[in-house]
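Comments concern the structure below.
Predicted model, so just to flag it, every value in this text is computed and none were measured. Start at 1 and go down the list; that is how both ligands and their atoms are numbered.
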Amino acid sequence: MAELAIIGGTGLATLKNLKISKREVIRTPYGEPSGPLLHGVIGETDVVFIPRHGRGHTIPPHRVNYRANIWALREVGVCKVIAVAAVGGIRQDMEPGRLAFPDQIIDYTWSREHTFFEYDLEHVNHIEFTRPYSDDVRCLLIKASKQLDLNAVENGTYGATQGPRLETAAEIKRMQRDGCDMVGMTGMPEASLARELELNYATCAVIVNWAAGLGAGLISMEDIEASLATGMEKVRRLLETAIPMLQRVNCDI
Ligand code: HPA
């Protein structure tokens, strides 16, 4: 049974190095996940894969059923998650095409179903979230990226916006003042839901554009596509190296 899941983001709706052995439809108390869970192996390690935006990339960030996705992964025995996510770069070293492993989050999303702890509670539960990502998973991703000389950025604060529109230049300036280093639309509530269910969760961000107002001109979809292609090739190599290493990570949170 796979202990490790990969949540694919924009540009990673399929994992070409995953040999799929089973598709599993999971029903959850929170509705339908983004699609069936794809069970298979990468190298010799069992993994489960789910594309966050659905197979044909049809579910926008604010409509992703984050609760159902995380619940489904836990339901099949997953305890470690690598979440792949495309982001815009804010800090100077967050150049398009690079990978980054954020270590902090600021949440600007609103009106998303963001918790499992709502009804029928025996007591109110406040998860510890000082360090929102699993240090163990993050450190191994960093180690694997170093082995491969990927020149990835090893830390940064992920600002999660509501989408699906991109930000204004003024919003990005505000996020810069707040201390955000990258901006994406799917980082929350995925990370906190994973913590609520005690999954060891870390993000591999793929920087695909300069955030609004920081690049030479307006953000173009062609530029994003080009950086996505470069970045996702790095992600595939990273996963091949990191996944066997991740078997060492203990499931206890
Ligand atoms: N903003 C928000 N989300 C994103 C961006 C961006 O500039 N690029 C990729 N995902």
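- For atom 6 (C) of ligand 1, the closest non-hydrogen atom of the protein is Leu166 CD2, 3.4 Å.
- For Tyr133 and Phe101, the gap between ring centers reaches or exceeds 6.0 Å.
- One N or O on the side chain of Asn200 and one on the backbone of Cys251 form a donor-acceptor pair closer than 3.5 Å.
- Of all atoms in ligand 1, numbered sequentially from 1 with element shown, those under 4.0 Å from a heavy atom of Met185 are 2 (C), 3 (N).
- Counting only distance, with no hydrogens or angles, the side chain of Asn209 and the backbone of Asp223 share no donor-acceptor pair below 3.5 Å.
- Here's the thing with Asn209: one of its N/O atoms is less than 3.5 angstrom from an N/O atom of ligand 1.
- Listed by atom number, the atoms of ligand 1 under 4.0 Å from Val208 heavy atoms are 8 (N), 9 (C).
- When side chains are defined from C-beta on, Arg67 counts as touching Phe116, because their heavy atoms get closer than 4.5 Å.
- In summary, the atoms of ligand 1 found under 4.0 Å from a heavy atom of Val87, numbered by their order in the structure, are 5 (C), 8 (N), 9 (C), 10 (N).
- Sparse packing is recorded around CD of Glu44, with 12 or fewer heavy atoms of other residues, nucleotides or ligands lying under 6.0 Å away.
- For atom 2 (C) of ligand 1, the closest heavy atom belonging to the protein is Glu167 OE2, 3.2 Å.
- Of all protein heavy atoms, the one closest to atom 10 (N) of ligand 1 is Ala86 O, 3.4 Å.
- Remark: minimum distance from atom 4 (C) of ligand 1 to any protein heavy atom is reached at Val183 O, 3.6 Å.
- Tyr201 pairs with exactly one of Lys80, Arg195, Glu190 by the side-chain hydrogen bond (donor to acceptor under 3.5 Å, both in side chains) rule, that one being Glu190.
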Show me, pair by pair, the donor-acceptor contacts under 3.5 angstrom made by side chains of residues 144-153, not counting sequence neighbours?
{"unit_1": "Ser145", "atom_1": "OG", "unit_2": "Ile142", "atom_2": "O", "d": "2.8"}
{"unit_1": "Lys146", "atom_1": "NZ", "unit_2": "Glu154", "atom_2": "OE2", "d": "3.3"}
{"unit_1": "Asn151", "atom_1": "OD1", "unit_2": "Arg98", "atom_2": "NH2", "d": "3.0"}

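- For atom 5 (C) of ligand 1, the nearest non-hydrogen atom of the protein is Gly88 N, 3.5 Å.
- For ligand 1 and Gly184, the ligand atoms under 4.0 Å from any heavy atom of the residue are 2 (C), 3 (N).
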